[in-house]
Trainee: 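Please read through the structure below; I'll follow up with questions.
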Amino acid sequence: MQVLSVHSWPQAIAHLDADAFFVSCEQASMPALKGKCVAVGKERGIIIALSYEAKAKGVKRGMFVSDAKRICPGIIILDSNHETYGLFSVRMFEILKRFSPKIEEYSVDEAFIDLTGLRRLYSCSYEEIAVKIQNTIEQELSISVSIGISITKVLAKIASKYKKPHGITAIPGNKIHLYLSNILIEDVWGIGPNTASLLKKFDIKTALDFALKNENFVKKYLSKPYIQIYKELKGEPSIEFIEKISPKSISKAKSFYPPSQKPEDLILPHQTMPFALSIYSLTLFLIMALKDRCFLFFKAISLAS
DNA sequence: ATGGGTCCT
DNA sequence: AGGACCC
C-alpha cells in the first residue's frame with residue numbers, strides 16, 4: 001500500500017468535537033442525570049440531542065418524544081436551553097485558547113486547534129497535548145469531548161469521529177492510508193449524498209479510493225470544494241483555517257402553513273405575528289449592535305416563504 | 001425534520 | 001438565484 005504523505009507532522013491540526021453536547025451541558029448542570037438515558041427537545045416534541053445511554057437503546061435524533069418514551073421507558077426528556085449551551089461553549093473555547101492562540105470556532109460544540117510546533121512548549125507528543133485538553137475540559141466543565149489530530153482539517157475531522165465518545169485519534173502523515181481505507185466516502189466532511197453517489201459510479205467507495213485517484217480525474221468531474229477535499233485527504237492543506245467567526249449576515253426566516261397565496265395571508269393569520277415581531281426585534285437589535293460601525297448597513301430584511 | 005448558516009457556479 | 005453541504 002502506498003503512502004500518501006512522507007512527513008509525519010508538517011503541521012498539526014486538531015479537531016475537537018464535544019460528545020452529546022446539549023445533553024452533557026444538562027448533565028453538568030444537574031449531576032444526578034449523569035449516566036442516565038437523557039434527551040433534549042421536549043418543547044417541540046422532537047428529540048434533538050441524546051445521551052449515549054439513550055442512543056444505546058435505539059433512540060435517534062429527530063424521533064418524536066412519544067416514540068422515544070416507548071423505546072426507552074424512563075428516559076428523561078428536557079426542554080432545550082440554548083443560552084446555557086452557549087455559556088458552556090464560550091468556556092470551552094476559553095480553555096482551548098490557553099493551549100493554542102490559533103483556534104477556529106467551527107460551531108457551538110466543535111473547534112479546530114492549530115497545534116503546529118507546540119510539542120516543544122509542552123514537552124510531549126501532539127496526542128498527549130490532546131489528552132491534556134480533554135482532561136482540562138473534563139475537570140473544569142464536566143463535559144466529555146473527542147479529539148482528532150492530523151495534518152489537514154479534513155483528516156482531523158475524520159480522526160475526531162474515528163473513536164467516540166471520549167476518544168483521541170492521531171493520524172500522522174505517513175499513516176493516512178491506514179485510516180482512509182476504513183472511511184466510507186459519504187462519511188467524509190463535505191461529501192454529501194449527491195457527490196457520494198456520483199463517486200460510487202466510478203467505483204469510489206472509500207475515502208482511500210478517492211485519495212488514490214489522479215488529479216485529472218477529480219478536476220474533470222468535480223468542482224472546487226471537492227478538489228480541496230481531495231487534496232486534504234492526501235495530506236495537502238487546502239481549506240483555509242478561519243480564526244475569527246464573524247457572521248456576514250444575520251437573518252430570520254419562517255415558512256407559512258398553509259403556503260401564502262396573496263399578500264394578506266402574510267398579515268392576517270395571528271400565527272404570523274410572532275414572525276413580524278421577531279423581524280422587528282431583530283432590526284432593533286441590529287441597530288443597537290452596529291451603531292458605532294458605520295460601514296455596515298442593511299442590504300435587505302426579507303420575508304421568505 | 002427543521003432552521004440557520006457558508007461557499008460556489 | 002439555486003445547488004450542495006454543514007451543524
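Throughout, a chain's letter reflects where its sequence line sits, starting with A, and its residues are numbered from 1.
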Trainee: Any idea which of B:dC8, B:dA1, B:dT2 is nearest the A:Arg44 side chain?
Mentor: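 That would be B:dT2.
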Trainee: What contact category does A:Tyr226 fall into here, base, sugar-phosphate, or nothing, at under 4.0 angstrom with non-hydrogen atoms?
Mentor: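 Sugar-phosphate only.
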Trainee: Under 4.0 Å from any atom of DNA chain C, heavy atoms only: list the residues of residues 182-197 of chain A that qualify, in numerical order.
Mentor: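 A:Val188, A:Trp189, A:Gly190, A:Ile191, A:Gly192, A:Pro193, A:Asn194, A:Thr195 - these, ordered by number, are the residues of the stretch whose heavy atoms sit under 4.0 Å from the strand.
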Trainee: Please state how far atom CD1 in A:Ile46 lies from atom C1' in B:dG3, giving the value in whole angstrom units.
Mentor: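 A:Ile46 atom CD1 is separated from B:dG3 atom C1' by 12 Å.
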Trainee: Taking the six-membered ring of A:Tyr230, is NZ or CZ of A:Lys213 closer than 6.0 Å to its centre and within 45° of its axis?
Mentor: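 Cation-pi check for A:Lys213 and A:Tyr230: fails.
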Trainee: A:Glu105 CD to B:dT6 P: how many Å, rounded?
Mentor: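 Whole-Å distance recorded here is 15 Å.
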Trainee: Would you indicate whether A:Phe217, at its atom CZ, is surrounded by more than 12 heavy atoms from other residues, nucleotides or ligands within a distance under 6.0 Å?
Mentor: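 For A:Phe217, atom CZ is crowded (more than 12 foreign heavy atoms under 6.0 Å).
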Trainee: Hey, is A:Lys234 close enough to A:Glu215 for a salt bridge, meaning N to O under 4.0 Å?
Mentor: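 Judged by the 4.0 Å cut-off on N to carboxylate O distance, A:Lys234 and A:Glu215 do not form a salt bridge.
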Trainee: Using a cut-off of 4.0 Å on non-hydrogen atoms, how would the nucleic acid contact of A:Lys157 be classed: base, sugar-phosphate, or nothing?
Mentor: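 The answer is sugar-phosphate, as A:Lys157 gets under 4.0 Å only of primed atoms, P, OP1 or OP2.
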Trainee: Between A:Ile47 (CD1) and B:dT2 (C1'), how many Å, whole number?
Mentor: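 These atoms are roughly 15 Å apart.
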Trainee: Hey, is NZ on A:Lys164 packed in by over 12 heavy atoms from elsewhere, all under 6.0 Å?
Mentor: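 More than 12 heavy atoms, drawn from other residues, nucleotides or ligands, come within 6.0 Å of this atom.
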Trainee: Near A:Lys69 NZ, under 6.0 Å, is it more than 12 heavy atoms from other residues, nucleotides or ligands?
Mentor: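 Count not over threshold, so no.
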Trainee: Output the distance between atom CG (A:Leu155) and atom OG (A:Ser5), rounded to the nearest 0.5 Å.
Mentor: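 Spacing of CG (A:Leu155) from OG (A:Ser5) equals 9.0 Å.
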Trainee: Working to the nearest 0.5 angstrom, can you tell me the gap between A:His166 NE2 and A:Tyr52 OH?
Mentor: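 The NE2 atom of A:His166 sits 11.5 Å away from the OH atom of A:Tyr52.
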Trainee: Distance check needed: B:dC8 C1' versus A:Ile239 CD1, whole Å only.
Mentor: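 Distance, rounded to whole Å: 13 Å.
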Trainee: First and last nucleotide of DNA chain C in contact with chain A, 5' to 3', at under 4.0 Å to a heavy atom: what are they?
Mentor: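 Both ends considered, the range comes out as C:dA4 to C:dC7.
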Trainee: NE2 of A:His82: more than 12 outside heavy atoms within 6.0 angstrom?
Mentor: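 Enclosed.
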